[in-house]
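For reference, the structure discussed in these notes is given below.
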Amino acid sequence: MKTTKILLATSALVAATAGVARAEMANEMTIVSWGGAYQNSQLKAYVEPYLALHPEVSVVWDESSAEAVAKLRAMNETGNITWDLVDVEAADSIRLCDEGLAMEIDHDSQLAAAPDGTGAAADFGNSIVSECFIPQIVFSTTFGYRSDMVGATAPTSVCAIFDTATYPGKRALNKNPLGNLEWALLCDGVAKEEIYNVLATEEGQTRAFAKLDTIKGDVVWWSAGAETPQLLADGEVVMGSTYNGRLFSAIAEQNQPIGMLWDAQMLDFDGWVVPANLPEDRLARVMDFLVFATDTQRLADQAKYISYGPARASSAPLVGTHADLGIEMAPHMPTDPANATNVFVTQYAFWADYRDDLDAKFQAWLAQ
């Protein structure tokens, strides 16, 4: 576990959090996220501004979001919840909510309304995929490629990942089934609208793993989103999957010779869950932070640092330029019309139901 401690000093009065009984607020929060460029965007957009208003608060970062479900299960079993706020993908929020490991949220009473008075629930809209989920961003998992290693014809289809004849070299793929199994079936000829129906069957799962078998020897497996951009920068892979914001950082901020492949990008939501059964003082602090950190302006501000679309409708018109580069950020969002001609929307309910089983099958396949 990698942690970074941030301490800032100013002064401010603490007040009762909306929807939480009046209590003295804890002065430390452990926030769990994903590290790298994404976590830095959270730090800059709302953690640092919040700490600047609150003299007494310190934040400890934990970069274990990829293991959030397993770790919260373990904490619940021991009765020792050490995390205060956890960033998770939409499907994991459903699992945590269903298992009673995350607290249900009344979005309208516990979070800030939009500037025009629209309640938070309506402002977030369909991005609220579970009663425990507080959305932050719309992002996608997509592919980057080394523009100087793909020859005269850059890839335009996601199925280039399976085309080792045209694009020889190593590929980087996430070391879990989500995304990989959908792309495998898509590139094996299954219609996009039938992917999850097929993947729900034993035959469909076997078919997906058989397609992945065709490149298994050429794959470098990653667990953290920062790995693929580094592998591409080092020339160790010719192409690889990762989050679109990580690729934006490598391309726009680091000037790496990397191209972006938007075809069949997998759109998803990411946001916060609050662990269930927090002590009252810790819960009061977390909810006070969330009112601030998920308001319209703060979510728009995050887009100054990374190319993820804000989850609130009222934030979208406020998205402007990159904080350092001065470039317009809207064209770099996964939801920009030019980038969204062929998107693949992750079915959160499917993965909430099938994730544990397919995780086990995926790990067994990797070990073969």
Side-chain angles (χ1 to χ4, degrees), residues 34 36-38 41 66 89-91 127 136-147 149-150 153-163 166-167 169-187 192 195 208 211-212 215 218-233 237-254 256-270 303 305-311 329-348 351:
W34 302 86
Y38 175 60
S41 73
E89 294 176 1
S127 62
Q136 291 177 79
I137 59 162
V138 182
F139 75 100
S140 75
T141 304
T142 188
F143 284 86
Y145 58 89
R146 272 293 292 251
S147 54
M149 293 172 62
V150 294
T153 306
T156 57
S157 166
V158 70
C159 296
I161 198 74
F162 295 99
D163 186 358
T166 304
Y167 303 106
K170 294 288 186 180
R171 285 95 163 97
L173 292 176
N174 195 357
K175 199 175 183 178
N176 76 56
L178 202 158
N180 293 324
L181 297 183
E182 289 100 324
W183 285 318
L185 288 177
L186 185 69
C187 296
K192 186 164 64 172
I195 293 290
K211 184 66 173 179
L212 289 172
I215 58 169
D218 296 305
V219 174
V220 176
W221 299 102
W222 61 268
S223 299
E227 292 178 57
T228 291
Q230 190 60 56
L231 290 166
L232 287 167
V237 299
V238 65
M239 62 181 68
S241 66
T242 191
Y243 310 119
N244 73 282
R246 305 298 182 118
L247 290 171
F248 169 82
S249 179
I251 296 166
E253 297 174 351
Q254 301 169 28
Q256 296 290 343
I258 296 172
M260 180 95 79
L261 181 63
W262 291 105
D263 183 56
Q265 58 165 321
M266 298 200 69
L267 285 181
D268 204 344
F269 296 113
D270 199 274
Y305 305 98
I306 200 160
S307 57
Y308 296 143
M329 291 299 288
H332 299 281
M333 300 295 172
T335 50
D336 185 80
N339 303 329
T341 57
N342 181 32
V343 301
F344 196 113
V345 179
T346 307
Q347 283 196 13
Y348 321 111
W351 281 108

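Worth saying up front: this structure is predicted, and the values here are computed from it rather than measured.
Every residue two or more places apart in sequence or in another chain that forms a side-chain contact (heavy atoms from CB on, under 4.5 Å) with Ala264 is listed here: Val158, Trp183, Leu186, Asn342.
What you find for Pro155 and Ala160 is that their closest heavy atoms are CB-CB, 3.6 Å. For the residue pair Lys211 and Ala184, the shortest heavy atom distance occurs at CG-O, 3.4 Å. Scanning all heavy atoms of the two residues, the minimum distance from Ala91 to Trp351 falls at CB-CB, 3.9 Å. Pairing each heavy atom of Val237 with each of Met149, the nearest pair is O-CE, 4.0 Å. Across Leu178 and Glu182, no two heavy atoms sit closer than the pair C-OE1, 3.8 Å. For Arg171 against Asp163, the heavy-atom pair with the smallest separation is NH2-O, 3.0 Å.
At a threshold of 4.5 Å between non-hydrogen side-chain atoms, the residues Glu253 and Phe248 count as touching. Counting heavy atoms from C-beta on, the side chains of Phe269 and Val138 come closer than 4.5 Å. Put simply, the side chain of Tyr167 reaches to within 4.5 Å of the side chain of Thr153, judged on heavy atoms. Taking 4.5 Å as the limit, some side-chain heavy atom of Tyr243 sits within range of a side-chain heavy atom of Trp34. Side-chain contact between Thr346 and Thr141: absent, with no pair of heavy atoms (C-beta onward) separated by less than 4.5 Å. Glu89 has its side chain within reach of Phe139: a pair of non-hydrogen atoms, C-beta onward, lies under 4.5 Å apart.
Here the CZ atom belonging to Phe143 is positioned 10.0 Å from the CE atom belonging to Met266, to the nearest 0.5 angstrom. The line from CG of Asn244 to CD1 of Ile137 is 8.0 Å long, rounded to the nearest 0.5 Å. Here the straight-line distance linking atom CG of Asn174 with atom OG1 of Thr242 works out to 8.0 Å at 0.5 Å rounding. Once rounded to the nearest 0.5 Å, the distance linking CG of Asp268 with OG of Ser140 reads 9.5 Å. Note that CD1 of Ile161 and CG of Asp218 are 9.5 Å apart. Values are rounded to the nearest 0.5 Å. Atom CG of Leu247 is separated from atom CD of Gln256 by 11.0 Å, given to the nearest 0.5 angstrom.
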Report, one line per pair, each donor and acceptor closer than 3.5 Å where one atom sits in a side chain of residues 224-233; sequence neighbours left out.
from, atom 1, to, atom 2, distance (Å)
Glu227, OE2, Ser223, N, 3.0
Glu227, OE2, Ala224, N, 2.7
Thr228, OG1, Trp222, NE1, 3.3
Thr228, OG1, Ser241, O, 2.8
Gln230, NE2, Asp234, OD1, 3.0
Gln230, NE2, Asp234, OD2, 3.3

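Counting only distance, with no hydrogens or angles, the side chain of Lys192 and the backbone of Val343 share a donor-acceptor pair below 3.5 Å. Remark: side-chain polar atoms of Ser147 are paired, donor with acceptor, to backbone N or O of Pro257 under 3.5 angstrom.
Applying the side chain to side chain donor-acceptor pair (under 3.5 Å) test to residues at least two apart or on different chains, the pairs with a partner in residues 329-339 are Trp262-Asn339.
When only modelled atom types and interatomic distance are considered, Asp270 and Tyr38 share a side-chain donor-acceptor pair under 3.5 Å.
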